[in-house]
Amino acid sequence: MNRIPVILDGDPGHDDAIAWMLAKASPMLDIRAVTSVCGNQTIEKTTYNAMRVCTLLSVGCPIAMGKPTPLMAPPMNAPSVHGQSGLDGPKLPEPAMLLCELRSVELMAKVLRESEQPVTIIATGPQTNVAALLLAHPELKPKIGRISFMGGGIAHGNWTPAAEFNILVDPEAADVVMKSGVPITMSGLDVTEQALIYPADFERVRAVGNEVARVVADWLEFFYEFHRKLGYPGAPLHDPVAVVSLIRPDLLQSKDLCVEIETKGEYCRGATVGHDRAPANARVNLGIDRDGFADLLVEAVRAYGEARV
Ligand code: RIB
Ligand code: CA
């Protein structure tokens with residue numbers, strides 16, 4: 001099978017970690033690099049978490065630390081959702097690898113230069129690193145096959161009524177990405193809040209019985225706890241939808257739209273405004289087969305049998 005080379009850029013983060021579990025388990029994807037970004041927690045914490053998650057999942061590619069702050073805005077974190085560590089809950093292994101000597105943008109550029117085929121970037125945090133890559137190396141745009149990101153929401157936000165967290169942390173970066181001309185798939189709250197994993201699903205995952213299954217079930221329970229208090233019937237698994245877009249697009253309903261980022265505005269900064277009054281710049285996921293998604297998660301953890309994937 002001709003696998004898709006991918007770079008995982010995120011701010012683990014419980015749902016980032018589950019997205020990376022899904023990506024590593026898929027025979028369709030070839031993970032070439034992992035880069036951390038400042039978002040759910042500080043860059044130091046998301047980098048440490050990225051290394052621990054990659055150790056747990058036996059992801060053997062280079063891991064590089066991302067930029068410590070958004071392009072222009074001050075850092076914004078989400079300890080209320082992911083805890084002080086950014087990945088509270090189950091104990092994780094200490095990193096089995098050293099951090100790459102290159103920083104995120106240079107590692108991404110190296111992977112793009114060296115890849116024979118275009119590389120897909122799966123961005124599940126603020127888009128700071130991706131935008132910095134596009135600004136520093138515009139000549140490499142043809143080597144980016146697609147950017148599949150979790151972020152935004154056409155109909156609503158979550159951190160403010162208008163803005164979703166990943167976009168709100170770095171609206172300037174999202175603006176650079178949306179205007180880049182690179183093929184884009186957007187998985188915003190419109191679809192990710194339908195990607196609900198219920199407590200009954202946690203137990204299906206746990207019953208698979210290997211180490212990764214136990215950790216993923218614990219991550220799901222932790223992530224659900226914050227959302228249960230907000231009235232959610234399950235854990236809205238935001239970031240994994242950016243991976244589902246690539247490996248099981250049949251589970252999704254989408255529409256091509258022109259998406260523009262509000263970078264100003266006292267009340268609407270960070271909004272993703274989607275419309276058809278200009279040429280489309282993104283495929284926007286708007287619906288998901290929830291049961292099929294839950295089954296996909298259970299099958300993915302099964303791939304981590306006692307003999308590590
Ligand atoms: O709004 C949800 C997004 O913010 C997810 O990527 C989650 O990990 C946080 O980064
Ligand atoms: Ca994230």
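We count ligands from 1, going down the list as the structure has it; atoms in each ligand are counted the same way. All values below come from the heavy atoms of this structure, side chains included, with hydrogens, waters and symmetry mates left out.
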Sphere of radius 3.0 Å around the Ca ion (ligand 2) - protein N, O or S atoms inside:
Asp11 OD1, Asp16 OD1, Asp16 OD2, Thr124 O, Asp239 OD2
Side-chain ion pair, Glu299 and Arg302, N-O less than 4.0 Å:
yes
With a 4.0 angstrom cut-off on heavy atoms, strictly below it, pick out the residues next to ligand 1 and order them by chain and number.
Asp11, Asp15, Asp16, Asn40, His82, Thr124, Met150, Asn158, Glu164, Phe165, Asn166, His238, Asp239
Kindly state each residue pair satisfying ring-ring contact (aromatic ring centres under 6.0 Å, His included) with at least one member in residues 106-154, sequence neighbours excluded.
none
Go through the steps to decide whether Asp175 and Lys179 satisfy the test salt bridge (charged side-chain N to carboxylate O under 4.0 Å, His left out), and finish with yes or no.
CA-CA 6 Å; Asp175 189 42; Lys179 291 174 177 171; 3.2 Å; yes
Verify salt bridge (charged side-chain N to carboxylate O under 4.0 Å, His left out) between Asp289 and Arg248, making sure each step is shown before the conclusion.
CA-CA 10 Å; Asp289 170 352; Arg248 287 292 306 276; over 6 Å; no
From Asn285, Thr185, Thr120, residue fulfilling side-chain hydrogen bond (donor to acceptor under 3.5 Å, both in side chains) relative to Ser245:
Asn285
ring-ring contact (aromatic ring centres under 6.0 Å, His included) partners of residues 15-54, not counting sequence neighbours, each pair once:
none
In this structure, would Leu29 and Ile63 fall into the same cluster of hydrophobic residues linked by side-chain contacts under 4.5 Å?
yes
CD (Glu139) with more than 12 external heavy atoms under 6.0 Å:
yes
Salt bridge or not for Glu116 and Lys143, using N-O below 4.0 Å?
no
